[in-house]
Q: 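Take this structure, written in structure tokens, and hold onto it; I'll ask about it next.
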Amino acid sequence: IGTAQTICYGADVAAFTSTTAATGGAGVFPYTWQYTPNMVAVIGDGSWINIAGSNSSTWDYGTLTTSTRFVRRSVEGTCITPVYSNDIIVTIKQLPDITSGQNPVICSGNALNYQILLNNFVNPVDNVTFIWPTPALSAGVTGGIARVVGSIANITDVFTNTSGGIGTATFIVTPLSAGCTGPAVNIVINVGAQPVLDPDLNAFACSNEAINLLLNKAAGSVDPTYYNIFSKTVSASLTALVNAAMGNGTAPANYLLND
């Protein structure tokens, strides 16, 4: 009988064929196909299980989730001693299984470098690759792209969150391994909010007086820890008398108050 095969977990087994017909006796051969998950069982021992209704020289078993051996048994009508075919093995490849509940956290504007965790494989040794569509974003979050070609690489997208609270980016990730596709799992990225500067800070100041500029966040924004003041532009008709130093990445809100 034929033929040995390797399939993915839960896939349909290709129908078994009869490579050599039974001969001898009166020429009438009722068949019973048998199977066992025991890889070292002796053909004909008690480990083998009859498949009901399998009186056929060929057989289509259906789907399979465990590596299994098959054999064809026959008893010619004038004899009592069964004879057996060769056995064949159907080997099952396990589907890659992503660990559920993965919820990495990243700050707005920072690149992720997140390795997707698996229950039954370990990357990079097992070379499980991943694909996903464009992630679903909560209000105020931008960024993220689809991965349409399977890759072992980490999730490295960058997200910007101007919502004033924690935002999310939801990836629907499908794992692939050795031609087998595992179940898709949601991985939800929690994106910390990016502070937004008040857009109405423009003000009037008299010549030779402090500008009294107090930096502030926009309505609905999270509180900034500090402000990054990296440059200023002064028109040609003005002369700065007192200047706060530029290039301060940790300036307080009142840093420019006395300019």
Side-chain angles (χ1 to χ4, degrees), residues 4-14 37 39 61-69 89-196 220-226 228 249-250:
Q5 51 196 283
T6 299
I7 63 173
C8 297
Y9 179 96
D12 188 45
V13 181
M39 293 295 110
Y61 183 77
T63 60
L64 200 60
T65 57
T66 302
S67 293
T68 303
R69 295 166 65 199
I89 300 175
V90 178
T91 302
I92 302 301
K93 295 187 292 185
Q94 294 301 307
L95 305 181
D97 184 25
I98 295 175
T99 304
S100 62
Q102 298 184 62
N103 302 109
V105 177
I106 192 72
C107 289
S108 176
N110 291 351
L112 272 170
N113 188 25
Y114 186 75
Q115 181 178 2
I116 298 170
L117 304 179
L118 296 151
N119 291 324
N120 56 348
F121 291 95
V122 178
N123 271 346
V125 176
D126 291 321
N127 198 37
V128 176
T129 61
F130 307 96
I131 57 174
W132 55 74
T134 302
L137 308 176
S138 63
V141 176
T142 58
I145 59 174
R147 179 184 290 180
V148 296
V149 177
S151 171
I152 194 174
N154 293 351
I155 302 175
T156 56
D157 295 63
V158 178
F159 297 96
T160 300
N161 178 8
T162 58
S163 69
I166 298 297
T168 59
T170 302
F171 288 84
I172 304 174
V173 182
T174 300
L176 311 167
S177 175
C180 297
T181 301
V185 171
N186 286 0
I187 295 180
V188 180
I189 312 299
N190 292 308
V191 184
Q194 173 177 292
V196 178
S221 170
V222 294
D223 292 329
T225 304
Y226 48 78
N228 181 12
T250 57

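Excluded from the calculations below are hydrogen atoms, water molecules and symmetry mates; all remaining heavy atoms, backbone and side chain alike, are included. On a predicted model such as this, the values are computed, not experimentally measured, just so you know.
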Q: Sub-3.5 Å donor-acceptor pair from the side chain of Ser138 to the main-chain atoms of Thr168, do we have one?
A: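 Yes; at least one donor-acceptor contact below 3.5 Å.
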Q: What closest approach, in Å, do Gly143 and Pro135 show between heavy atoms, and which atom pair accounts for it?
A: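 Heavy-atom minimum between the residues: O-CG, 4.5 Å.
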Q: Please check if the side chain of Trp132 supplies one atom and the backbone of Ile145 the other of a donor-acceptor pair under 3.5 Å.
A: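 Indeed, once roles are kept as given, a pair shorter than 3.5 Å links the two residues.
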Q: Donor-acceptor pair, Asn161 side chain versus Ser163 backbone, under 3.5 Å?
A: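 Yes, because the side chain of Asn161 sits within donor-acceptor range (under 3.5 Å) of the backbone of Ser163.
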Q: Do you know which two heavy atoms are closest between Phe121 and Pro96, and how far apart they sit?
A: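 That would be CE1-CA, 3.5 Å.
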Q: Report yes or no: does Asp157 contribute a side-chain atom to a donor-acceptor pair with the main-chain N or O of Leu112 at less than 3.5 Å?
A: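 No; judged by distance alone, with no hydrogens or angles, the pair does not exist.
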Q: Between Asn103 and Val105, is a side-chain contact (heavy atoms from CB on, under 4.5 Å) present by the stated rule, with each step listed?
A: CA-CA 7 Å; Asn103 302 109; Val105 177; over 6 Å; no
Q: Do Gln5 side-chain atoms and Ala14 backbone N/O form a donor-acceptor pair below 3.5 Å?
A: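 At least one qualifying donor-acceptor pair exists.
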Q: Is it the case that the side chain of Thr170 and the backbone of Val188 share a donor-acceptor pair, with hydrogens and angles ignored and the cut-off at 3.5 Å?
A: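 Pair absent, no side-chain N/O of Thr170 close to backbone of Val188.
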Q: Just how far is it from atom CD1 of Ile7 to atom CG of Leu64, taken to the nearest 0.5 Å?
A: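 Ile7 CD1 to Leu64 CG: 5.5 Å, rounded to 0.5 Å.
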Q: Using 0.5 Å steps for rounding, measure from the CD1 atom of Ile98 to the CD1 atom of Ile187.
A: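 Rounded to the nearest 0.5 Å, the CD1-CD1 separation comes to 5.5 Å.
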Q: Restricting to non-hydrogen atoms, name the atom on Val128 and the atom on Phe130 that form the minimum distance, rounded to 0.1 Å.
A: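 Minimum heavy-atom separation between Val128 and Phe130: O-CE1, 3.6 Å.
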Q: Please check if the side chain of Thr68 supplies one atom and the backbone of Thr66 the other of a donor-acceptor pair under 3.5 Å.
A: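 Looks like yes, one N/O pair under 3.5 Å.
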Q: If you round to the nearest 0.5 Å, how far is CD of Gln94 from OG of Ser177?
A: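 Here the rounded value is 10.0 Å.
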Q: Atom OG1 of Thr134 and atom CZ of Phe171: how far apart are they, to the nearest 0.5 Å?
A: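 Taking OG1 in Thr134 and CZ in Phe171, the distance rounds to 9.0 Å.
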Q: Test side-chain contact (heavy atoms from CB on, under 4.5 Å) on Val185 and Val173; report intermediate values, then the result.
A: CA-CA 5 Å; Val185 171; Val173 182; 5.7 Å; no
Q: Examine the side chains of Asn154 and Thr156 and answer whether a donor and an acceptor come within less than 3.5 Å of each other.
A: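 Looking only at side-chain atoms, Thr156 and Asn154 do not form any donor-acceptor pair under 3.5 Å.
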Q: Taking only residues at least two apart or on different chains, which pairs with a member in residues 123-192 satisfy disulfide bond (SG atoms under 2.5 Å apart)?
A: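 Applying disulfide bond (SG atoms under 2.5 Å apart) to every pair that reaches into residues 123-192, excluding sequence neighbours, yields Cys8-Cys180.
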Q: For the atom pair OG1 (Thr129) and CD1 (Ile116), what is the distance rounded to the nearest 0.5 Å?
A: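 Here the rounded value is 10.0 Å.
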Q: Is Asp97 reaching over with its side chain to a backbone N or O of Asn119, donor-acceptor style, under 3.5 angstrom?
A: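 Not a single qualifying donor-acceptor pair exists.
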Q: Drop me the distance from Thr174's OG1 to Arg147's CZ, to the nearest 0.5 angstrom.
A: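 It comes to 12.0 Å.
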Q: Between Leu95 and Tyr9, which heavy-atom pair has the shortest distance, and what is it?
A: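 Looks like CG-CB, 3.7 Å.
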Q: Could you report the tightest heavy-atom contact between Ala193 and Gly165, atom names first, then the distance?
A: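 The pair with the smallest heavy-atom distance is CB-O, 3.3 Å.
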